[in-house]
There are 2 protein chains.
Amino acid sequence: MGVKTMLRAIFPAPDHDHKRCTSTAIAHAEARCAARAQRLTPIRRHVLETLLASHNPLGAYEIIERMADKKGRPAPITVYRALDFLRDNGLVHRIESRNAFVACVHNHSGDALIVFLICERCGAVGESPGDAVAQALKASSRAAGFSPKSPLIEIVGICSHCRQR
Amino acid sequence: MGVKTMLRAIFPAPDHDHKRCTSTAIAHAEARCAARAQRLTPIRRHVLETLLASHNPLGAYEIIERMADKKGRPAPITVYRALDFLRDNGLVHRIESRNAFVACVHNHSGDALIVFLICERCGAVGESPGDAVAQALKASSRAAGFSPKSPLIEIVGICSHCRQR
DNA sequence: CGCTTCTTGCTGCAGTGCAACATAAAAAGG
DNA sequence: CCTTTTTATGTTGCACTGCAGCAAGAAGCG
């Protein structure tokens, strides 16, 4: 696997096959919900699609904006409830440092640590493999008698695409 | 340095000499502001003292509550401005995942990575040495062509004091 | 069909955070 | 010492975030 391919896997390149990556993610969401006997209702699917269409984190009210059509817009609580559902099922992550949400494009195995790399220039969010970081964190935590739980950390910086400009 | 001492350095024990740790922190704040030609005004000092008195992260409006007296309470913006000042000078950290603020009890050297260990039971926040984690993160980021900036990560879990109960 | 459970719609509100402008206080300069 | 400039605080107001609580509708099940 070349470097370029690897980068693509982490930060979605601007020119990637977006239609395909979206449909893959939706299919994955359907499969996961079916396996868990959860219902991916039209609203929930619509919220997920909205996030997938952006590839960048969106605030709740930004999602509402983008979901609006002639028939009006969903109420905030409606979107929040859909987001709760999607998060519970590992299909969406919340970016704490931005009060925003992003669709998950990977199959996370249970409790693996996730490292979000957030570009402060373009706002893109990449997910980095965090095994080594997880090890270091675990060791560091244990030294403090601490039992970590949340496998999710956020790092702000500049992404490869923005730096090359 | 024994383990117990080390733990104390990370999670303040419930029975530690709080008066002393507070006055030390205030003295440090004064020194740092003096060195930077910044003014630790009464309001800013009061906000810092409020945070120090808690040792746990406080929301902005919780700070306002605790600062209230017969003469009324500070306006939100007043507290936010003081918090901005204290953060700019490295005396206070913002806990993103909680929309809360905590007084910093260490002398952070410039750009060292800070790991916050947040106890989900008692809400206490400890700071863990993050050198190993920082190394792993740097390596992981570089693999993605990413230049990290914010040296601050938050881990939720159970602290040693709560687990022992 | 009737019951339970899940989902959505609706109203309302509490917490967060700051913009914009006015005023006071402190530092700098002559 | 007084003026000018900078810095800090006060005041009003508002936009955004997130959810509680209740009512109504839809889906699954015996």
Side-chain angles (χ1 to χ4, degrees), chain A residues 29-30 32-51 54 56-89 91-102 123 154, chain B residues 29-30 33-51 54 56-69 71-89 91-102 123 154:
Chain A
E30 279 172 348
R32 173 165 258 188
C33 288
R36 294 172 154 222
Q38 299 282 292
R39 286 156 58 196
L40 189 63
T41 64
I43 288 182
R44 291 165 179 173
R45 174 194 291 256
H46 194 177
V47 169
L48 179 59
E49 285 169 348
T50 304
L51 285 175
S54 147
N56 278 28
L58 296 179
Y61 284 66
E62 178 66 27
I63 296 173
I64 293 174
E65 270 324 298
R66 302 198 180 196
M67 285 176 68
D69 59 5
K70 335 99 207 191
K71 283 183 277 182
R73 65 197 57 204
I77 185 69
T78 302
V79 169
Y80 277 107
R81 283 197 281 230
L83 287 170
D84 284 344
F85 172 88
L86 294 169
R87 281 206 287 162
D88 287 344
N89 290 280
L91 301 170
V92 158
H93 298 294
R94 180 188 154 86
I95 308 294
E96 312 265 10
S97 60
R98 302 207 154 197
N99 291 337
F101 304 86
V102 66
E154 306 174 12
Chain B
E30 278 172 351
C33 287
R36 295 172 155 221
Q38 299 281 291
R39 287 156 56 197
L40 188 62
T41 63
I43 289 182
R44 292 165 177 173
R45 173 195 291 258
H46 194 176
V47 169
L48 179 59
E49 285 169 348
T50 304
L51 284 175
S54 149
N56 279 26
L58 296 179
Y61 283 67
E62 177 66 28
I63 295 173
I64 292 174
E65 270 325 298
R66 301 196 181 197
M67 285 176 68
D69 59 5
K71 283 182 276 182
R73 65 196 58 205
I77 185 69
T78 301
V79 170
Y80 277 107
R81 282 196 282 229
L83 287 170
D84 284 344
F85 171 88
L86 294 169
R87 281 204 287 160
D88 287 345
N89 289 281
L91 302 170
V92 157
H93 298 294
R94 179 188 154 86
I95 307 293
E96 311 264 9
S97 60
R98 299 208 155 196
N99 292 336
F101 304 85
V102 67
E154 306 173 11

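The sequence lines fix the lettering, A, B, ..., with proteins before strands; numbering per chain opens at 1. Computed from a predicted model, the values in this text were never measured in an experiment.
The distance from atom CG of A/L51 to atom CD1 of A/I63, rounded to the nearest 0.5 Å, is 4.5 Å.
The existence of a salt bridge linking A/R81 and A/D84 is excluded, since no basic side-chain nitrogen approaches an acidic carboxylate oxygen closer than 4.0 Å.
Of all heavy-atom pairs spanning B/V47 and B/M67, the tightest one is CG2-SD, 3.6 Å. Taking every heavy atom of both residues into account, A/R36 and A/D88 meet most closely at NH1-O, 3.5 Å. Heavy atoms only, all atoms of each residue included: A/F85 and A/R39 are closest at CZ-O, 3.5 Å. Contact between B/I64 and B/P74 at its shortest, heavy atoms only, is CG2-O, 3.5 Å. What you find for B/P57 and B/A100 is that their closest heavy atoms are CB-CB, 3.7 Å.
Rounding to whole angstrom units, CD1 of residue A/I64 and P of D/dA15 are separated by 15 Å. Counting to the nearest Å, the C1' atom of D/dT17 and the CD1 atom of A/I63 are 12 Å from each other. Following rounding to the nearest Å, B/L40 (CG) and D/dT7 (C1') show an atom-to-atom distance of 15 Å. In this structure, B/L83 atom CG and C/dG15 atom P are separated by 17 Å, rounded to whole Å. Atom OH in A/Y80 sits roughly 12 Å away from atom C1' in C/dG15 (whole-Å rounding). Between the NE2 atom of B/H46 and the C1' atom of D/dA8 there is a distance of 17 Å, given to the nearest Å. For A/E96 and C/dT16, the CD to P distance is 15 Å, given to the nearest whole Å. If you take CD of B/E65 and P of C/dG15, they are 9 Å apart, rounded to a whole angstrom.
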Grab the N/O contacts between the protein and nucleotides 5-11 of chain C below 3.5 Å, and write none if there aren't any.
residue	atom	partner	partner atom	Å
C/dT7	OP1	A/R44	NH1	2.9
C/dT7	OP1	A/R44	NH2	3.4
C/dT7	O5'	A/R44	NH2	3.2
C/dT8	OP1	A/T41	OG1	2.5
C/dG9	N7	A/R81	NH2	2.6
C/dG9	O6	A/R81	NH1	3.2
C/dG9	O6	A/R81	NH2	3.3

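Without hydrogens or angle criteria, B/R87 side chain to B/R94 main chain gives no donor-acceptor distance under 3.5 Å. In this structure, A/E154 contributes its side chain and A/S97 its backbone to a donor-acceptor pair below 3.5 Å.
Relative to the axis of its first five pairs, the axis of the last five pairs of the helix from C/dC1-D/dG30 to C/dG30-D/dC1 sits at 30°, rounded to 10 degrees.
Across all strands, B/R98 comes closer than 4.0 Å to no nucleic acid atom at all (heavy-atom distances).
OP1 or OP2 of C/dG15 has not a single side-chain nitrogen or oxygen of B/Y61 nearer than 4.0 Å. Contact check, B/N99 against C/dG17: a side-chain N or O comes under 4.0 Å of OP1 or OP2.
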